[in-house]
> 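One structure follows; several queries about it will come next.
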Amino acid sequence: MKIDDLRKIGKIEYRGSKNKEKFSFKHYNPEEVIFGKKMKDHLKFAMSYWHTLCAEGTDMFGNATADKSFQKSDPLETYKAKADFGFELMDILGIDYYCFHDVDIAPPGKDLEETFALFDQMIDYLEGLQAKHGKKLLWATANNFADKKFMNGAATSPNADVYAIAAAKVKKTIDATIRLRGTGFVFWGGREGYETLLNTDMKKELDNFAYFLKLSRDYGRKQGFKGDFLIEPKPMEPTKHQYDFDTATAIGFLRKHNLHEDFKINVEANHATLAGHTFQHELRTAAIEGMFGSIDANEGDPQLGWDTDHFPKNVYCATLAMYEILKAGGFKNGGINFDAKTRRPSNTVEDLVLAYIMGMDTYALGLRKAIALIEDGRLDEFVQKRYDSYNRGIGKNIANQEVTLEELYEYALKAGEPEVESGRQEYLESIINQILFS
Ligand code: XUL
Ligand code: CO
């Protein structure tokens, strides 16, 4: 890929939903104020460094299809060129934020010390680019899953030296997050799980993992990090079973270990579906616990059972996601990170730009439709009425938790057969279709 190809495309402008110019936004109009805020502040789009600037299209059966060396051969120069390309890509798309793993931004050294020194050089470089382009770090994370040493896990490794190395990488990445004024620090436990329980002391691994999160939290807070620590749940892949299985599991774990004040959830759409949930379910679960933080926007393929990280195109799903996010009060420290990659044969700069345009337009349209759903009010009104029996009589006592089991027993004996009302699902689904397609 060449930066000149990016410059040829130029800045992507909003041209409305009817126009057919491929390098334009049909729905995303960053400065437009809707529902009390600019669209860009509702959506807080972020570029994923790894898919966008590093992934070259390899899979189990095939080699790279996209060259992301950016015409450099020296390792450090290559990583600087990656960064240059990334910041210009954000410029032309009007994306204000980015997210990275430690290993995405700098080449590896011969040992940990040299790796950290190269990392520091690149943090200086990124700091300069942030100032030059007016961009912000949404979140960073340590990649404690790719290297061979992490094959049995990192914070859940049976090997204490591996645990220490993972901790060192987290420390280094927290320091960088603070320097780059990032507002989030993510833990995605790629290999924090197991392949078989036959070789696993699950209790020890979970205790070690909780302690790892505590150490990281305490260190970050001591250094003055005010942003969110985030868990990104995923049920499996690469391991057979991942401990942060889904939002409810992660929240239970965080509460058990008294980490819930500092941690929030980074919900990824494709991880939700792998866990057998809808994205909406995962967002609602985080929100009702006051732990909604950020999202990784992508989607899977209904026929492929793994984390394919497609750019999001499903407006229905994006609408319901934005509906949940608006109801949760919108993004604070979080945002919409496109943890998404172009398909392997979509291997040009143009494809990358078109993929981001589609993803951003999908969420912009989702935002518009979610606002329309809220303003329409029929869904809210229906749900409110559905639970109306808890606003009076015995229901009010239940809602206020002011009733005994004996009182409910006496009440039930006199209540007679209740008239239970329809859930009206199909009607409610037709409202969504009406809002989406008319
Ligand atoms: C993997 C995944 C990661 C995390 C960051 O499924 O989602 O890219 O977002 O480590
Ligand atoms: Co992710």
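Residue indices begin at 1 and follow the sequence shown. Only heavy atoms go into these numbers, but all of them, side chains included; no hydrogens, no water, no symmetry mates. Order of listing sets the numbers, starting from 1, for every ligand and every atom in it.
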> So, Glu289 and Arg255, do they make that salt bridge, N to O below 4.0 Å?
yes
> Side-chain donor-acceptor contacts of residues 75-85 below 3.5 Å, not counting sequence neighbours, with atom names and distances?
unit_1: Thr78; atom_1: OG1; unit_2: Asp74; atom_2: O; d: 2.8
unit_1: Lys82; atom_1: NZ; unit_2: Leu53; atom_2: O; d: 3.0
unit_1: Lys82; atom_1: NZ; unit_2: Lys68; atom_2: O; d: 2.9
unit_1: Asp84; atom_1: OD1; unit_2: Tyr125; atom_2: OH; d: 2.7
unit_1: Asp84; atom_1: OD2; unit_2: Tyr125; atom_2: OH; d: 3.2

> Atom CD in Glu350, atom CG in Leu6: separation rounded to 0.5 Å?
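Going from CD on Glu350 over to CG on Leu6, the span is 9.0 Å.
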> Show me which atoms of ligand 1 lie under 4.0 Å from any heavy atom of Asp307.
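Taking each heavy atom of Asp307 in turn, ligand 1 has 6 (O) under 4.0 Å.
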> Give the atoms of ligand 1, by number and element, whose distance to some non-hydrogen atom of Lys234 is under 4.0 Å.
6 (O)
> How far is atom 8 (O) of ligand 1 from its nearest protein heavy atom, and which residue and atom name does that atom have?
Asp339 OD2, 3.2 Å
> Using a 3.5 Å cut-off on N or O atoms only, is His271 in polar contact with ligand 1?
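Between His271 and ligand 1, an N or O pair is found under 3.5 Å apart.
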> Thinking salt bridges, do Asp102 and Lys172 make one under a 4.0 Å N-O criterion?
no
> Below 4.5 Å, heavy atoms only, C-beta onward: do Phe150 and Lys169 meet side chain to side chain?
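A side-chain contact exists here, since the closest heavy-atom pair is under 4.5 Å.
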> Does the pair Lys2/Asp4 count as a salt bridge with the N-to-O cut at 4.0 Å?
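Salt bridge absent between Lys2 and Asp4.
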> With a 4.0 Å cut-off on heavy atoms, is Glu237 in contact with ligand 1?
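In this structure, Glu237 fails to qualify as a contact of ligand 1 - no heavy atom is under 4.0 Å.
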> Checking contacts here: is it the side chain or the backbone of Asp296 that comes within 4.0 Å of ligand 1, counting heavy atoms only? Could be both or neither.
side chain
> Using the ring of each side chain (for Trp, its six-membered ring), is Phe253 parallel, tilted or perpendicular to Phe209, with breaks at 30° and 60°?
parallel
> Nearest 0.5 Å, what's the CG-CD1 distance between Leu379 and Ile431?
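Between Leu379 CG and Ile431 CD1, I get 5.5 Å after rounding to 0.5 Å.
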> Return yes if a side-chain donor-acceptor contact under 3.5 Å exists between Tyr219 and Asp175, otherwise no.
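Yes.
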> Return the set of protein N, O or S atoms whose distance to the Co ion (ligand 2) is under 2.8 Å, each given as residue and atom.
Glu232 OE2, Glu268 OE1, Asp296 OD2, Asp339 OD2
> Return the closest protein heavy atom for atom 5 (C) of ligand 1 as residue, atom name and distance.
His101 NE2, 3.2 Å
> Less than 4.0 Å between a side-chain N and a carboxylate O, is that true for Arg221 and Glu261?
no
> Look only at interatomic distance and state if Glu232 has a nitrogen or oxygen under 3.5 Å from any nitrogen or oxygen of ligand 1.
yes
